[in-house]
K.L.:
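First the structure, which I've put down as structure tokens, then a few questions once you've had a look.
Quick note: residue numbers are just sequence positions, from 1.
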Amino acid sequence: MEEKSEREIFAEKYGLKVPKRDETGKFDLSDRSADFYWHKQSGQWLIKHDACERIHAIEKMSNPEINVITDDNESGTFMLIKVKHKDLEWQDVGEATPQNCVSKFYRSMAFKRGLDRCVLKLLKAYELFYSDAEIEPKTKDEKVNKKAKSEKDLDGHDE
């Protein structure tokens with residue numbers, strides 16, 4: 001029997017639905033019905049916001065403290081989110097701008113991104129899963145062009 005991956009152990013601990021397996025026993029990378037899934041465009045595992053909210057509740061983390069930095073329909077929303085878990089505290093920025101958010105609900109998306117980052121970092125699961133705000137194209141020799149990335153739709157809608 002194969003040893004469980006860190007993602008599988010994490011999923012089991014929190015009752016997360018894992019991706020289906022293909023005929024070889026490996027995760028079906030096209031399965032998006034699970035609580036975490038493979039994002040082909042970025043080459044990263046992503047966890048759904050709903051799963052992060054459930055984990056937040058299971059771990060009895062504090063209600064998030066929100067400090068809005070910028071809130072503008074033209075430039076987007078930036079907010080600082082702070083969450084406490086046991087004796088640890090983490091702050092992170094949540095952002096949503098026209099360059100990285102298809103929806104015009106910038107406040108909601110900025111909050112979700114900030115909360116998800118805090119939850120994952122407090123649990124040291126940030127290397128296992130990323131939110132869509134951290135998606136970087138995987139290339140072997142090429143450095144990421146930050147300007148080009150900010151002007152591109154990260155979910156592949158423009159392909």
K.L.:
Could you state whether Ile9 and Tyr14 fall into the same hydrophobic cluster, counting links through intermediate Ile, Leu, Val, Met, Phe, Trp or Tyr residues with side-chain heavy atoms under 4.5 angstrom apart?
P.N.:
no

K.L.:
In the single-linkage hydrophobic clustering (I, L, V, M, F, W, Y; side-chain heavy atoms under 4.5 Å), do Leu120 and Ile58 co-cluster?
P.N.:
yes

K.L.:
Output the distance between atom CG (Leu29) and atom NZ (Lys40), rounded to the nearest 0.5 Å.
P.N.:
10.0 Å

K.L.:
Asp72 and Thr70: side-chain donor and acceptor closer than 3.5 Å?
P.N.:
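On atom types as modelled, these side chains do not qualify, holding no pair under 3.5 Å.
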
K.L.:
Tell me the closest heavy-atom pair linking Ile47 and Ala51, and the distance in Å.
P.N.:
CG1-CB, 3.8 Å

K.L.:
Output the distance between atom CZ (Arg32) and atom CG (Leu46), rounded to the nearest 0.5 Å.
P.N.:
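The CG atom of Leu46 is 7.5 Å from CZ of Arg32, to the nearest 0.5 Å.
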
K.L.:
Might you work through the side-chain contact (heavy atoms from CB on, under 4.5 Å) test for Phe36 and Val18, ending with a clear yes or no?
P.N.:
CA-CA 7 Å; Phe36 64 94; Val18 299; 3.8 Å; yes

K.L.:
As an exercise, state the distance from CZ of Arg7 to CD of Glu127, rounded to the nearest 0.5 Å.
P.N.:
10.0 Å

K.L.:
Backbone N or O of Cys118 within a donor-acceptor pair of the Lys82 side chain at under 3.5 Å?
P.N.:
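Not a single qualifying donor-acceptor pair exists.
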
K.L.:
Is Arg54 atom CZ crowded by more than 12 heavy atoms from other residues, nucleotides or ligands, each under 6.0 Å away?
P.N.:
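Yes, CZ of Arg54 has more than 12 neighbouring heavy atoms, counting only those of other groups under 6.0 Å.
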
K.L.:
Here's a test for you: under side-chain contact (heavy atoms from CB on, under 4.5 Å), which of Val68, Asn67, Ile69 qualifies with Phe78?
P.N.:
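Testing Phe78 for a side-chain contact (heavy atoms from CB on, under 4.5 Å) against Val68, Asn67, Ile69 leaves exactly one candidate, Ile69.
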
K.L.:
Just verifying a value: how many Å separate Met109 CE and Arg107 CZ, rounded to the nearest 0.5 Å?
P.N.:
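Here the interatomic distance stands at 14.0 Å.
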
K.L.:
Should His49 and Glu53 be marked as a side-chain contact (heavy atoms from CB on, under 4.5 Å) after you check the CA-CA gap, both sets of side-chain angles, and the distance that decides it?
P.N.:
CA-CA 6 Å; His49 173 69; Glu53 284 186 321; 3.1 Å; yes

K.L.:
Could you walk me through whether Val119 and Glu59 pass the side-chain contact (heavy atoms from CB on, under 4.5 Å) test, one step at a time?
P.N.:
CA-CA 9 Å; Val119 169; Glu59 287 290 336; over 6 Å; no

K.L.:
Is the number of heavy atoms from other residues, nucleotides or ligands under 6.0 Å of Trp90 CH2 greater than 12?
P.N.:
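Check fails, neighbour count at 12 or below.
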
K.L.:
Identify the heavy atoms of Ala34 and Pro19 that sit nearest to each other, and give their distance.
P.N.:
CB-N, 3.3 Å

K.L.:
Looking only at non-hydrogen atoms, find the nearest pair between Pro98 and Gly76 and report the distance.
P.N.:
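That closest heavy-atom pairing would be CD-N, 4.2 Å.
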
K.L.:
Would you say Ile81 and Phe105 are hydrophobically clustered, going by side-chain heavy atoms of ILVMFWY under 4.5 Å?
P.N.:
no

K.L.:
Do the side chain of His56 and the main chain of Ser62 share a donor and acceptor less than 3.5 angstrom apart?
P.N.:
yes

K.L.:
Measure the OH-CG distance between Tyr37 and Asp31 for me, rounded to the nearest 0.5 Å.
P.N.:
11.5 Å

K.L.:
With ring pair (Phe, Tyr, Trp, His ring centres under 6.0 Å) as the test, would you mind laying out the steps for Phe129 and Phe10 before giving the verdict?
P.N.:
CA-CA 10 Å; Phe129 308 102; Phe10 186 87; 5.5 Å; yes

K.L.:
Using the side-chain contact (heavy atoms from CB on, under 4.5 Å) rule, pick out the option among Asp92, Ile55, Val83 that qualifies with Leu122.
P.N.:
Val83

K.L.:
Ignoring hydrogens and geometry, is there a side-chain-to-backbone donor-acceptor pair from Asp22 to Asp28 under 3.5 Å?
P.N.:
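Not at all, since once roles are kept as given, no pair shorter than 3.5 Å links the two residues.
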
K.L.:
What's the separation between atom CD in Glu65 and atom NZ in Lys84, rounded to the nearest 0.5 Å?
P.N.:
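With rounding to 0.5 Å, CD (Glu65) is 5.5 Å from NZ (Lys84).
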
K.L.:
Could you go through Trp45 and Phe27, starting from their C-alpha distance and side-chain angles, then the distance that decides it, and tell me whether this counts as ring pair (Phe, Tyr, Trp, His ring centres under 6.0 Å)?
P.N.:
CA-CA 11 Å; Trp45 285 98; Phe27 284 137; 5.6 Å; yes

K.L.:
Any donor-acceptor pair under 3.5 Å linking the side chain of Asp116 with the backbone of Arg113?
P.N.:
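No; zero donor-acceptor contacts below 3.5 Å.
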
K.L.:
Quick one, Arg117 with Glu95, criterion salt bridge (Lys or Arg N to Asp or Glu O under 4.0 Å). Give me CA distance, side-chain angles, the key distance, then yes/no.
P.N.:
CA-CA 11 Å; Arg117 289 177 188 149; Glu95 83 291 327; 2.9 Å; yes

